[in-house]
Protein chains: 2
Amino acid sequence: MDNSEEFTTASERAYRIIREKILSGELEAGARLSQRKMAALSGVSIIPVIEALLRLEHDGLIEQRPQWGARVTVLSDERIRDLCLFREAIECQVARTLTETLDDAMMDVLKDMAVELDEVAQAEGVGSHYWLLDCAFHAKMAELTGSRMFVDAMRRINLFGILKQVAAASPGVPGILPKDWHMRIIRGLRTREADKAEAAIRYHVQNAFARDMAHT
Amino acid sequence: MDNSEEFTTASERAYRIIREKILSGELEAGARLSQRKMAALSGVSIIPVIEALLRLEHDGLIEQRPQWGARVTVLSDERIRDLCLFREAIECQVARTLTETLDDAMMDVLKDMAVELDEVAQAEGVGSHYWLLDCAFHAKMAELTGSRMFVDAMRRINLFGILKQVAAASPGVPGILPKDWHMRIIRGLRTREADKAEAAIRYHVQNAFARDMAHT
DNA sequence: CTTGACTAGCTGCTATAGCAGCTCTATCAT
DNA sequence: ATGATAGAGCTGCTATAGCAGCTAGTCAAG
């Protein structure tokens, strides 16, 4: 495996490399990130690292204080609550918006993704394969609203979710989720009523929250 | 007026100076921001400017493309719709959360702010004084949830709102708003029922949206 | 007059070097 | 033995300099 693929810019390379090391757990929660060490790590100079660290801070993966430095975000209960509330806010509004703007073809795209997701959950359980599909599904919903802010917000939510999953490292157990865990969302959207779609996705998000907290 | 006050860091100084020039309209929508010119403008070197531009991009005030540069965000109808949907998402969830966590003392703090806001709207109309208080009110709501992500999201929403207001530059007309325009939100929160509080704030946000679009 | 190439000046981007502050250790004096 | 102090090594931060690419403007050839 060669990590030094050619990216568009050195900042991008530093960002990707450092992010990967955080998401994989190689850089543990609370670990301090020295600019010089990150520069050596990613094979670039300090300036691109500064930019990369800012982007990581925007993503919520690290925290910076002026004149002090950066460290990997510690996933306290408070931060997890934060994330879940934020996710609930975004996803509910996404669902409401989709009831008004989504055409039938796009609805079918979402439905197919939901079906596959539920099948994987039943067959393999909540493992890395499931997480990948889940992220893609929710990202697709955000994308279909046509709103950049929702897409960006969902990207951050998913990144944080991966970090949380790495910290928990729970094994995949098949059949834990209801068989129509994601199809319920589709049915909510198909009513074309904002309140019903919102209720469906809120149920989905809040239960995911409860399950995550139980794992810790 | 001396803009070269001592900030904690050169990046901070550059960020504040450039942001002010954008919010005041001195740097017009669509104007290209050269790193060197911004450096000369704010009296610092290029590196702090790079950092400042990234923060401004995070705020949504500018847009950057790799190997191309930065320009002040153009407030297209699409972007405004984006912002309003995002604001609706955040504020509704903030209201829901507050019905569960807010104690009576904090509720009274919000009420006092709402009362002052409604009085100003009746007396002076929707001018710069009103906007300042309005930003403070909504920021306070976000702050009282105890969620950093909501606070940051609301900060971005308010910044964007200022930019929008500058672009419109509508004169202040007293009495345009209902007399209890913000007190309705407080009444919603006081029911201690998430759905009712959400409905109250959604009505508030959506109507503000409709009014803003009418101005353009 | 048109068209092509070349130059000068802009742009974003990044490597190097060096400043100021902090922390921790090792040495020295009491 | 204990305390203080000097120094070495780290840290974040930023100014300078220089590379590569794009753009426009000019000058010369057809």
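Chain A is the first sequence line, chain B the second, and so forth, proteins listed ahead of strands; every chain is numbered from 1.
At the phosphate of C:dT14, OP1 or OP2 sits under 4.0 Å from a side-chain N or O atom of A:Ser11.
With rounding to whole Å, B:Arg32 atom CZ is found 12 Å from D:dC22 atom P. For the pair A:Tyr15 OH and C:dC13 P, the interatomic distance rounds to 16 Å; values are reported in whole Å.
Applying the side-chain hydrogen bond (donor to acceptor under 3.5 Å, both in side chains) rule to A:Ser42 yields no partners; only residues at least two apart in sequence or on another chain are considered. With sequence neighbours excluded, no residue satisfies side-chain hydrogen bond (donor to acceptor under 3.5 Å, both in side chains) with A:Gln35. A:Asp104 meets the salt bridge (Lys or Arg N to Asp or Glu O under 4.0 Å) test with A:Arg192; sequence neighbours excluded. For A:Arg148, the salt bridge (Lys or Arg N to Asp or Glu O under 4.0 Å) partners at least two apart in sequence or on another chain are B:Glu63.
Counting only residues at least two apart or on different chains, no ring-ring contact (aromatic ring centres under 6.0 Å, His included) pair has a member in residues 30-49 of chain A. Within the structure, no pair that satisfies the ring-ring contact (aromatic ring centres under 6.0 Å, His included) test touches residues 59-93 of chain B, not counting sequence neighbours. Note on residues 17-37 of chain A: no pairs pass ring-ring contact (aromatic ring centres under 6.0 Å, His included), not counting sequence neighbours.
Between A:Glu143 and A:Lys140, at least one side-chain N (NZ, or NE/NH1/NH2) sits under 4.0 Å from a carboxylate O, which counts as a salt bridge.
Taken residue by residue, residues 59-70 of chain B places heavy atoms nearer than 4.0 Å to DNA chain C at B:Pro66, B:Gln67, B:Trp68, B:Gly69. Taken residue by residue, residues 33-57 of chain A places heavy atoms nearer than 4.0 Å to DNA chain C at A:Arg36, A:Val44, A:Ser45, A:Ile47, A:Pro48.
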